[in-house]
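Values in this document were obtained by computation on a predicted structure and should not be read as measured data. Start at 1 and go down the list; that is how both ligands and their atoms are numbered.
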Amino acid sequence: MSLNVLKIAALAGDGIGPEVMREAVKVLHAVEKKHAITFQITEAPVGWAGIDAAGKALPDETLTLCRGSEAILFGSVGLPERDPTIPKEERPERAALLRLRKEFGLFANLRPVRLYQTLAHTCPLQPERQGDGIDLLVVRELTGGMYFGQPKKTEDVEIDGVKFRRAIDTMVYTTPEIERIAHVAFQSAQSRRKKVTSIDKANVLENGVLWREVVTKVGAQYPDVVLEHMFVDNGAMQLMLRPTQFDVMLCENMFGDILSDEAAALAGSLGMLPSASLGARSGERTFGFYEPAGGTAPDIAGKNLANPIAQILSTALMLRYTFGLNDAAMAIENAVGQAIDSGLRTGDIYTAKDPAARRIGTAEMGSAIAAAI
Ligand code: IPM
Ligand code: MG
């Protein structure tokens, strides 16, 4: 396959998805001009947009497009208020998002959390707890654990003559599943500050004991990286007390879901945080799925208020991890830094206290970043 045609499926989804995706595409076009690359960007509906267009959260045509692409640039899906009569298995969260993760074997979810110095005021922690700046990476296992373990069901039971319902979720991890995500964490740490904090609940869960054992074994192959183990409850607390102690946090699926939202709060706004979900490497590329950490934010959708930076930084991760275009990825990240440093702010990161700050909309932020490229 020619290395020059870079096929991207752009699935904007619901809520603010379409408007932040528009800005990410704008930025990609700026990258094309600057770096003489051609992207083939094809849009398709997903989520409620998929249900409206084709009766399904993940329409067949959208799935086919994804299969023929090398990366999925994803907006966000799910509108909790919409149509409660649609069964949970068919709702966008499960039928589109979890399905795509499983379908493409996207086992490694990378969520970098970085607090820009000029946005220190958006961090809920007091300045002395921010140290020299917060910069950590949550590596979350994404296709195992309680999200997918079987049995998973709700049933009617009768025990000792008493009738009730019960729900069962099952947490399962195999050693290969733990090994492969541990390798991702250690390799990520090698190009950062060389520390992995592995999160588990080894004092209570069988899964935690195995997790710790396997991560320790994998860690022995990376003598240059310091490994530390931490119980998840303590990890949640440490994030609030001393977040600067963390470099890479390695988590199973659900702990990673929870701790990544907590860590995200440290960066002030979810609107700033990108993420990458990666599968195994095949040939010279790694299939990847790139989405902002925040959700659909229906309350501000369609009002030119959303912060497009998370979506734009997600495209930078796409260029880096799937296409190996590190220079272009850095160009985007630097352009975002420039826009922030010059005082441009969407509402979520704006404060009137900062005399240099200028409040702008979604489209203006995208244009400023594209122009900086
Ligand atoms: C996330 C989200 C999803 C998850 C939901 C929407 C299914 O919270 O990506 O963190 O729990 O994985
Ligand atoms: Mg989550």
Next on the checklist: So, regarding Glu291 and ligand 1 (criterion: nitrogen or oxygen to nitrogen or oxygen, under 3.5 Å), is there a contact or not?
Outcome noted: no
Checklist entry - So between Arg91, Arg111, Arg94, whose heavy atom ends up nearest atom 1 (C) of ligand 1? => result Arg111
Checklist entry - With the threshold set at 4.0 Å, does a side-chain nitrogen-carboxylate oxygen contact exist between Asp83 and Arg91? => result no
Checklist entry - Are any side-chain N or O atoms of Asn207 and backbone N or O atoms of Tyr173, one a donor and one an acceptor, separated by less than 3.5 Å? => result yes
Next on the checklist: Donor-acceptor check, side chain of Ser277 to backbone of Asn109, threshold 3.5 angstrom: yes or no?
Outcome noted: no
Checklist entry - What part of Arg101 sits under 4.0 Å from ligand 1 if we count only heavy atoms: the side chain, the backbone, both or neither? => result side chain
Item to check | Closest Asp257 atom to the Mg ion (ligand 2) [N, O or S only] | outcome: OD1
Item to check | Met254 and ligand 1 - part of the residue with a heavy-atom distance under 4.0 Å | outcome: neither
Next on the checklist: Main chain of Val20, side chain of Glu23: is a donor-acceptor contact present, judged purely on distance under 3.5 Å?
Outcome noted: no
Item to check | Polar proximity ligand 1 side, Asp257 side, N/O cut 3.5 Å exclusive | outcome: yes
Checklist entry - Salt-bridged, Arg140 to Asp257, with N to O below 4.0 Å? => result yes
Checklist entry - Would one find an N or O of Arg140, backbone or side chain, under 3.5 Å from an N or O of ligand 1? => result yes
